[in-house]
Amino acid sequence: MKVAIIGAGIGGLTLALALHRAGIAAEVYEASEEIRPLGVGINLLPHAAAELTGLGLGDALDQIGVQTAALNYYNRYGQQIWHEPRGLAAGYPVPQYSVHRGEFQMALYQAAVQRLGAGRIHTGLALESVTRAGSTLMDPTGEPAVFTLRRRSDDTLVEASADVLVGADGIHSAVRRSFYPTGDAPRFSRRLLWRGVTDAAPYLDGRTMFMAGHQDQKFVCYPISEQLRREGRSRINWIAELRVPGTEDDTPPKSDWNKRVDKSVFADSFADWRWDWIDIPAVIDGAEAIYEFPMVDKDPLPGWTRGRVTLLGDAAHPMYPIGSNGSAQAIMDARALTDALVQFEDPSMALREYEADRLPRTSGIVLRNRMNGPEQVMQLAHQRAPQGFDDIEKVVPHAELAAIALRYKQLAGFDPAAVARAAAGAVRG
């Protein structure tokens, strides 16, 4: 069997590594001429870390990623709403990592080149069209999927085929567009994100992620460099978020990794967010560059699969960056798809099994993230005590906060029991 993967992002490269471990040949096609370490910080939750450790990437993650020890939520006055240990500190069998997205993608890429061979990863080739989706359950003739790529260097078209074609090409997926050419535009949350990285002294224990504020005015911080942490410093990934005028029907600004803006666009909204353990205006001031992104997702699809073609990661289920869960779900997709391809001799049956497993789960996360996911704890505190509080227990009882946290972990698949099972399965392969 040969699997063609469109996109060399986190989901696509993880799938390539998982398939290789299972003895299935994979070819990766990436539109960019060069795979570069783009982006800022991401979190790899324990269920994702379990899969990556099973793929032999644990040592690489230990070198580049900070093992997250805690997650704290605060209101806009710096008063703590909720605290919970994370990763190993919470009793999981594997760590949770905070890491630079680009460094992590390059670690995946280097592992893929080493294991698959450089000739299996093709850059500068963008999907132009899916010519034939291959055989289906109703027509199990064994026909492969056929697709056309455009070589960016000379604008020529190249036809290729594979037993299975996987669109792992992000929120603007060309494979998804071939399935749903209309009526599938991104939904704008009316919130903008400004992201930056600042080298500074550590805050708290140097391994804590925190979120402060509420859904219309929020600030997120977490350290992403294990090397600097060992040197007593911190590379802080931060995100400022504000609601902007308009409606959800408005066309969102274009998502662009490289759209740089000046801090004056948003910084005044956080000018007084100085607390005894962190100075947020100073964190903003310390960034060399600030990038603006609209917070968007897409409505869940009725199906991901046509014949021998399917979707994975953001191409299948783009979601709000709430709950630190987008990359983790792409990694879980890769495991589920690999397992299905190993289990079923008929590739079209395997893709249907994968879809039946993953589509309902991820659709639930997309919809729950629109309701703020685990960040509901901040919204409840803001709604019930907008001027702050003396005792959070009188505002949002501990049992209510704990239930919100556990419910999201169970939905997303990283409650401790689920991760223990996943870790055991990842080791077994």
Is it the case that over 12 heavy atoms from other parts of the model lie below 6.0 angstrom from the [atom1] atom of [X]?
X: M106; atom1: CE; value: yes
X: D59; atom1: CG; value: no
X: E288; atom1: CD; value: no
X: E33; atom1: CD; value: yes

So, [X] side chain and [Y] main chain: donor-acceptor pair closer than 3.5 Å or not?
X: N369; Y: I322; result: yes
X: T14; Y: G11; result: no
X: T148; Y: E128; result: no
X: T53; Y: A49; result: yes
X: R150; Y: D155; result: yes
X: R177; Y: H172; result: yes
X: E34; Y: R36; result: no
X: Y222; Y: T68; result: no
X: R21; Y: G54; result: yes
X: S161; Y: V146; result: no

Do the non-hydrogen side-chain atoms of [X] and [Y] ever get within less than 4.5 Å of each other?
X: R243; Y: S189; value: no
X: R229; Y: P223; value: no
X: K259; Y: Y291; value: no
X: L45; Y: S324; value: yes
X: D262; Y: I290; value: no
X: D333; Y: T362; value: yes
X: E103; Y: I224; value: no
X: S173; Y: D314; value: no

Under a 3.5 Å cutoff, is there a donor and acceptor pairing between the side chains of [X] and [Y]?
X: N372; Y: Q379; value: no
X: R352; Y: T305; value: no
X: H382; Y: D216; value: no
X: Q329; Y: N325; value: yes

Using 0.5 Å steps for rounding, measure from the [atom1] atom of [X] to the [atom2] atom of [Y].
X: I331; Y: L17; atom1: CD1; atom2: CG; result: 10.5 Å
X: Q343; Y: E345; atom1: CD; atom2: CD; result: 12.5 Å
X: Y97; Y: D62; atom1: OH; atom2: CG; result: 3.5 Å
X: F210; Y: W277; atom1: CZ; atom2: CH2; result: 4.0 Å
X: T310; Y: L351; atom1: OG1; atom2: CG; result: 5.5 Å
X: K409; Y: H47; atom1: NZ; atom2: NE2; result: 11.5 Å

D184: side chain to side chain contact (heavy atoms under 4.5 Å, CB included) partners, not counting sequence neighbours: R176, Y180, K298, L301
Ignoring hydrogens, what is the shortest heavy-atom contact between [X] and [Y]? Give both atom names and the distance.
X: A16; Y: V28; result: CB-CG2, 3.8 Å
X: S327; Y: N43; result: OG-O, 3.4 Å
X: T338; Y: L19; result: OG1-CD2, 3.8 Å
X: A4; Y: F147; result: CB-CZ, 3.6 Å

Results of side chain to side chain donor-acceptor pair (under 3.5 Å) for R233 - residues two or more places apart only: none
Cation-pi, F179 ring and R306 (6.0 angstrom, 45 degrees): yes
Parallel, tilted or perpendicular, as decided by the 30° and 60° cut-offs, for the rings of W273 and F270: perpendicular
Steps toward salt bridge (Lys or Arg N to Asp or Glu O under 4.0 Å) verdict (R370, D299): CA-CA 11 Å; R370 289 181 181 176; D299 289 331; 2.8 Å; yes
Residue of the set W194, W238, Y73 for which ring-ring contact (aromatic ring centres under 6.0 Å, His included) holds with F219: W238
The single option from M209, Q96, Q67 passing side-chain contact (heavy atoms from CB on, under 4.5 Å) against R86: Q96
